[in-house]
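To keep things clear, I will list the structure first and then write my remarks on it.
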Amino acid sequence: MTEPLLKVRDLKKHFPVMKGILRRQVGTVKAVDGVSFDLMPQETISLVGESGCGKTTCGRSILRLIEPNSGEIRFREQNLPDLEEKALREIRRHMQIIFQDPFSSLNPRQTVGEIIGAPMVLHGVCSRNEVDERVRNLLSKVGLQPTYASRYPHEFSGGQRQRVGIARAVALNPDFIVCDEAVSALDVSVQAQIINLLLDLKDEFGLSYLFIAHDLSVVRHISDKVAVMYLGRIVEFADRDSIFERPCHPYTQALLSAVPHANPRHKKQRIILPGDVPSPINPPTGCHFHTRCPLSEDRCLNESPQSHEITPGHRVSCHLY
């Protein structure tokens, strides 16, 4: 049996809330509050949920771009939180990230060739004489002209800049890439091109993705499995078809009811959730979702639900199951 490429167990990231002249801690933002999942080689897991649920913080904590408070993050059987700086730098060439904003994620003072070539020089994967040729090959793979290597980021459109970011991410032949809202800042037509590009690169390089997104139609196209997050916790985890065809958690059902349909004659019942998302500084007791759940019971107010496997591979954190 194939071992998972990435194992995440009870990952937590809490941010202190400081106030006053003396900067005393008056609270804690529980951005990620006990996330667990396995990512297999050449698999795509999508993290979905409302803004502020902890998706980006989770992805960055896994890469240790943000230091987690606690939890286990095993990549190739190495626990990343335990690694010292030198060991972490060596393993980082196998883990990369594609940022949401294609404008601010590229250095405006560097040419495209320097941006893509810098990781290869830093990690010593090839000589400086070979960098230029590899940069041109990568530009061709992401659908850009090799001659663009001498241009600067301000000379490109948003979609072209995101392609540069993707080329930089795959420059070191990584095994794992976090796609942090990689298409949300792009036009719909460009989104389709970037998604197809990511799928092609996944097959060519044998990549595994943690795909963070809001657009569920994009998630359905690219994912193998889907994890639904709410207030820092995964409330439902299953393969793509199970999530979209047989959603079990009331929050997942509400999210999917909001997905627009291409056929204007298609009618479906919208599930309107009352109120706003509670503050992660002071989340509700028991089940975090009970303040907005149309099916909440008395036990939901005080008892936090555990994750239950209702069918093989389909886990739900809800007292209904």
Side-chain angles (χ1 to χ4, degrees), residues 44 46-47 55-56 59-60 62-63 65-66 89 92-215 218-219 221-222:
T44 300
S46 290
L47 275 180
K55 304 185 298 296
T56 294
R60 296 191 178 197
I62 289 171
L63 297 179
L65 297 179
I66 299 174
R89 179 175 174 178
R92 269 206 170 124
R93 63 168 291 189
H94 304 289
M95 307 181 299
Q96 295 294 314
I97 184 170
I98 301 170
F99 294 97
Q100 175 179 0
D101 188 358
F103 296 89
S104 63
S105 61
L106 302 180
N107 190 338
R109 297 186 178 184
Q110 288 185 321
T111 65
V112 165
E114 292 170 337
I115 290 171
I116 300 174
M120 293 185 274
V121 174
L122 179 65
H123 288 275
V125 297
C126 60
S127 66
R128 290 184 178 272
N129 296 329
E130 298 171 326
V131 168
D132 291 342
E133 182 62 29
R134 290 199 60 179
V135 167
R136 288 193 291 268
N137 290 336
L138 285 169
L139 287 174
S140 298
K141 288 184 183 297
V142 299
L144 296 175
Q145 296 291 332
T147 55
Y148 289 176
S150 60
R151 297 188 181 184
Y152 287 86
H154 73 270
E155 300 179 68
F156 295 96
S157 66
Q160 289 175 320
R161 292 188 200 195
Q162 196 62 292
R163 290 175 187 268
V164 173
I166 293 171
R168 177 179 59 185
V170 301
L172 298 175
N173 294 327
D175 299 312
F176 170 56
I177 297 179
V178 174
C179 302
D180 182 14
E181 307 265 10
V183 297
S184 63
L186 307 176
D187 294 335
V188 174
S189 59
V190 180
Q191 284 185 9
Q193 296 172 15
I194 298 300
I195 290 298
N196 290 330
L197 172 61
L198 290 173
L199 290 172
D200 292 340
L201 292 173
K202 176 184 176 182
D203 294 336
E204 182 174 351
F205 292 99
L207 298 172
S208 297
Y209 293 137
L210 180 64
F211 192 83
I212 300 168
H214 284 103
D215 191 336
V218 171
V219 167
H221 183 64
I222 197 173

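Predicted model only: the values in this text are computed from it and were never measured. Basis for what follows: all heavy atoms, side chains included, without hydrogens, waters or symmetry-related copies.
Side chains of F211 and V218 form a contact here, defined as non-hydrogen atoms less than 4.5 Å apart. M95 has its side chain out of reach of I62: every pair of non-hydrogen atoms, C-beta onward, lies at least 4.5 Å apart.
Judged purely by distance below 3.5 Å, without hydrogens or angles, the side chains of R168 and Q96 never pair a donor atom with an acceptor atom. Side-chain contact, T56 with E181: no donor N or O sits under 3.5 Å from an acceptor N or O.
Under a 3.5 Å cut-off, the side chain of Q160 and the backbone N or O of S157 do form a donor-acceptor pair. A donor-acceptor contact shorter than 3.5 Å is absent between the side chain of Y209 and the backbone of S46.
When the options I116, D200, V164, I166 are evaluated for a side-chain contact (heavy atoms from CB on, under 4.5 Å) with V142, the one that passes is I166.
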**Report entry** S140 vs N137, side chain to side chain donor-acceptor pair (under 3.5 Å): CA-CA, chis, key distance, verdict
**Finding:** CA-CA 5 Å; S140 298; N137 290 336; 5.5 Å; no
Requested in this report: With side-chain contact (heavy atoms from CB on, under 4.5 Å) as the test, would you mind laying out the steps for H221 and L199 before giving the verdict?
Outcome: CA-CA 10 Å; H221 183 64; L199 290 172; 3.7 Å; yes
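For the atom pair CG (N196) and CD (Q191), the distance works out to 11.5 Å, reported to the nearest 0.5 Å. Taking CG of L139 as the reference point, atom CZ of R151 lies at 11.0 Å (rounded to 0.5 Å). A distance of 8.0 Å separates NE2 in H214 from CD in Q100, rounded to the nearest 0.5 Å. Distance check, rounded to the nearest 0.5 Å: CZ of F103 to CD of Q162 gives 9.5 Å. Summarising the geometry, atom SG belonging to C126 is positioned 9.0 Å from atom CG belonging to L172; distances are rounded to the nearest 0.5 Å. In this structure, the separation between CG on L138 and CZ on R163 is 14.0 Å, given to the nearest 0.5 Å.
A salt bridge does not link D180 to K55: none of the charged nitrogens lies less than 4.0 Å from a carboxylate oxygen. Ion pairing between a basic and an acidic side chain is recognised when a charged N comes within 4.0 Å of a carboxylate O; R109 and E114 show no such pairing.
Heavy atoms of other residues, nucleotides or ligands lying less than 6.0 angstrom from NZ of K202 number more than 12.
The two residues L106 and P153 make their nearest non-hydrogen contact at CB-CG, 4.0 Å.
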